[in-house]
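What follows is a set of notes on a single structure, which appears directly below.
These numbers come from the heavy atoms of this one structure, side chains and all, not from hydrogens, waters or symmetry mates. Counting begins at 1 with the first residue of the sequence.
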Amino acid sequence: MSSKRLPYSTKDVEYDNAKFRYRSPLKVATRIFSTNGICYDYGRCSIGKFLMLLMIGGLTYLMIVHRSSNHLASTVALQNTTTWDIRDVKKHKIIGRLWKKPPRLPPQLSPDDIKNTSLLEWISRQKKVKEAFVHAWTGYRRYAMGYDELMPLSKRGIDGLGGLGATIVDSLDTAMIMGLDEIVYEQGVWIEKNLMERIRTKGQVNLFETTTRVLGGLLSAYHLSGNERGAMNTSGIYVNLKDGLSSTAEVSSLQLEFNYLSKLSNDPRYGLKAMKVLEHIKALPKVEGLVPIYTSPHTGQFNGENIRLGSRGDSYYEYLIKVWIQQENSRDNLLKYLYDMYIEAMKGVKHLLVRKSVPKGLVFVGELPHGSRGSFSPKMDHLVCFLPGTLALGATKGITKRKAAKLNLLTTEDLENLSLAEDLLKTCFEMYSVTSTGLAPEIAYFNVEGTSEQGLDGGNKSSEYINDIIIKHNDRHNLLRPETVESLFILYRITEDPKYREWGWQIFNSFEEHTRVDSGGYSSLDDVTQIPPHKRDKMETFFLGETLKYLYLLFGDKNILPLDKFVFNTEAHPFPVI
């Protein structure tokens, strides 16, 4: 899922500027890794030092490399049976310092596979997604390199996510998965030259965005580059997890990243600190497993009664099941409480939040703005479209439905959740199909018994669901979000139903038709119900980091990044199951 919560700031404590005199990366790593006791007092440590850990630990492994006289080569596979063909990368005077091993690329298809006409069609469609990524990256590189995001109409960059070059780091593993060596090279050069300095000069950063995008993106790229063979030495650097957190989703969506960091560094502190948040939430009162969207950073208690699975609530539910899946050896003992919390929450969703629209009966998830004793709101954010994929993962744990059924692994609860996942994904797709542009609004309302709002449809009069979905004027924008294509990718992998690929192809074509900017990049839209739609002049980083990545994987080989071996964080960065 994309970055979904409203922005907030967390103020860093003062940096020790003496530590940032220029030194080579290796000398910095040596000095810091040999210094113990730098900040062991919980609450005194800065986000900046956490990022220094990331830069010095992860990037030292990622970028300090040996030279190769002719080309970079690697035969590390994403799975045991896959062999990767690495192409030559153009030589440069500093290329030797960038990558110890090049990215893992998609496997080459056998001659027998190429004969398959249907397969050829999907290869062609996947290539179109890759071309879209290159077009998006070209616009960003040309007009906004080093900024967080591109304004494609103004042809300039903008910083809204901490000024750490978010598009570069967030899209790095997408470029690696697509086998775009030259782009990976460009991204690596920028990271090596600039990211540490950016971190040094920032007085405050957003902990959630920095963890899920920057830490998540670099950890994923670290794994995909084949470097996960030794452990990072991170002694003497500590992490502060408590600054300024206020939304439940943000508090509870750091664990995948810190668990994996602990695994790589052989230092359990990062994962343990992050997991204490979920252990604390376990003991808090809930409404049939559902939780309010705000949490006080001072008391640790929930604030208010607003319950929803959209902004500020979404990834809490996502991470319950994903953290459980990630920690394979602890599923049946230490972390069983996460699975139990997830199952209870999904029962609460079905009982309190799931309704059907009229007249055609689309299944949707609404909200309880005033808690379980208040009125029900038939409002559903596009963000909620992460839920079908999460339900499917929770049901089969990442293997196909066919395989799970053959092994007799599916409970009645699992089958119910899979059915709900398919129903909800149908609704998410119709949120696209009902509009004039074929692109979903940020928020939709649904007609239910006793309510009716005229003149607020999506504009596509041929849609069967034109009277079921209400799109209010303030909600008609599209931010290039990934949640629906994320769920299409997961449901296709699990159900093997080809309709999900076809739906994804329709959505991709609508992005191409209405959001592409000829000079480079793609733009968010103001109103998806109007033709032509007015562009908003903003290309969100998650369009490259998530939306195009999920579409590329949806159209590609099902054996790449298998869902029982990898867990995608809320910004679509894949981590291996531990």
For residues D173 and H573, is any side-chain donor paired with an opposing acceptor at under 3.5 Å? yes

Just by modelled atom types, is the V528 backbone N or O under 3.5 Å from a matching donor or acceptor in the N478 side chain? no

Do H135 side-chain atoms and V517 backbone N/O form a donor-acceptor pair below 3.5 Å? yes

So does R200 pair up with E197, basic N to acidic O under 4.0 Å? yes

Do D564 and V577 have side-chain heavy atoms sitting under 4.5 Å apart? no

Distance only, no hydrogens: is a donor on one side chain within 3.5 Å (strictly under) of an acceptor on the other, for Y270 and E257? no

Using a 3.5 Å distance criterion without hydrogens, assess whether the side chain of T201 forms a donor-acceptor pair with backbone atoms of R198. yes

The test is side chain to side chain contact (heavy atoms under 4.5 Å, CB included); show your working for L338 and Q327 and say whether it passes. CA-CA 11 Å; L338 293 177; Q327 304 290 320; over 6 Å; no

Here the pair of heavy atoms bringing R501 nearest to F555 is NH2-O, 3.2 Å

Using the benzene-type ring in the case of Trp, are the ring centres of H382 and Y432 under 6.0 Å apart? yes

Counting C-beta onward and ignoring hydrogens, is there a side-chain heavy-atom pair between L548 and F511 closer than 4.5 Å? no

Identify the heavy atoms of L479 and E540 that sit nearest to each other, and give their distance. O-CG, 3.5 Å

Could you walk me through whether R308 and D314 pass salt bridge (charged side-chain N to carboxylate O under 4.0 Å, His left out), step by step? CA-CA 8 Å; R308 67 181 183 224; D314 45 8; over 6 Å; no

Donor on one side chain, acceptor on other, S523 and T515, under 3.5 Å: no

Checking side chain to side chain contact (heavy atoms under 4.5 Å, CB included) for the pair E571/F542: CA distance, chi angles, key distance, verdict? CA-CA 7 Å; E571 296 293 334; F542 51 68; 4.3 Å; yes

Results of ring pair (Phe, Tyr, Trp, His ring centres under 6.0 Å) for Y316 - residues two or more places apart only: none

Do Y143 and R156 pair up side chain to side chain, a donor and an acceptor below 3.5 Å, judged on atom types alone? no

S262 (side chain) donor-acceptor with D267 (main chain) under 3.5 angstrom: yes

Test item: side-chain donor near acceptor, E513 and S510, under 3.5 Å: no

Within the side chain of E328, is there an N or O that forms a donor-acceptor pair under 3.5 Å with the backbone of I578? no

Closest non-hydrogen atom pair, P574 against F568: CB-CE2, 3.8 Å

Return the orientation label for the F489 and Y550 ring planes: parallel under 30°, perpendicular over 60°, tilted otherwise. tilted

Hey, does the side chain of K549 reach the backbone of G545 with a donor-acceptor pair shorter than 3.5 angstrom? yes

CA sep, side-chain torsions, deciding dist, call: L553, I177, side chain to side chain contact (heavy atoms under 4.5 Å, CB included): CA-CA 9 Å; L553 291 171; I177 290 166; 4.1 Å; yes

How far apart are the closest heavy atoms of A132 and F508, and which atoms are they? CB-CE1, 3.8 Å

Under the 3.5 angstrom rule, does the side chain of T138 hit a backbone N or O of G520 as a donor-acceptor pair? no

Pair listing, salt bridge (charged side-chain N to carboxylate O under 4.0 Å, His left out) test, anchored in residues 134-149, at least two apart: R141-E186, E149-K538

Look up atom CZ in F386 and atom SG in C428, then write down how far apart they are to the nearest 0.5 Å. 10.5 Å

S154 versus D537, side-chain donor and acceptor atoms under 3.5 Å: yes

Give the C-alpha distance, both sets of side-chain angles, the deciding distance and a yes or no for side chain to side chain contact (heavy atoms under 4.5 Å, CB included) between R213 and V169. CA-CA 7 Å; R213 294 182 195 239; V169 184; over 6 Å; no

Beyond-backbone contact of L278 with S252, side-chain heavy atoms, under 4.5 angstrom: yes

Heavy-atom closest pair (R493 atom, P562 atom, distance to 0.1 Å) is NH1-CA, 4.0 Å

Nearest non-hydrogen partners of L180 and F133, listed with the distance: CD1-CD2, 3.4 Å

Return yes if some donor-acceptor pair links the side-chain N/O of S247 with the main-chain N/O of E250 below 3.5 Å, else return no. yes

Nearest 0.5 Å, please: how far is CG in L215 from OH in Y222? 13.0 Å

Between Y140 and Y147, is the gap from one ring center to the other below 6.0 Å? no

Under 4.5 Å between any side-chain heavy atoms of W137 and Q187, yes or no? yes

Report the distance from atom NZ of K128 to atom CG of L551, rounding to the nearest 0.5 Å. 14.5 Å

Under 4.0 Å between a side-chain nitrogen and a carboxylate oxygen: does that hold for E442 and R481? yes

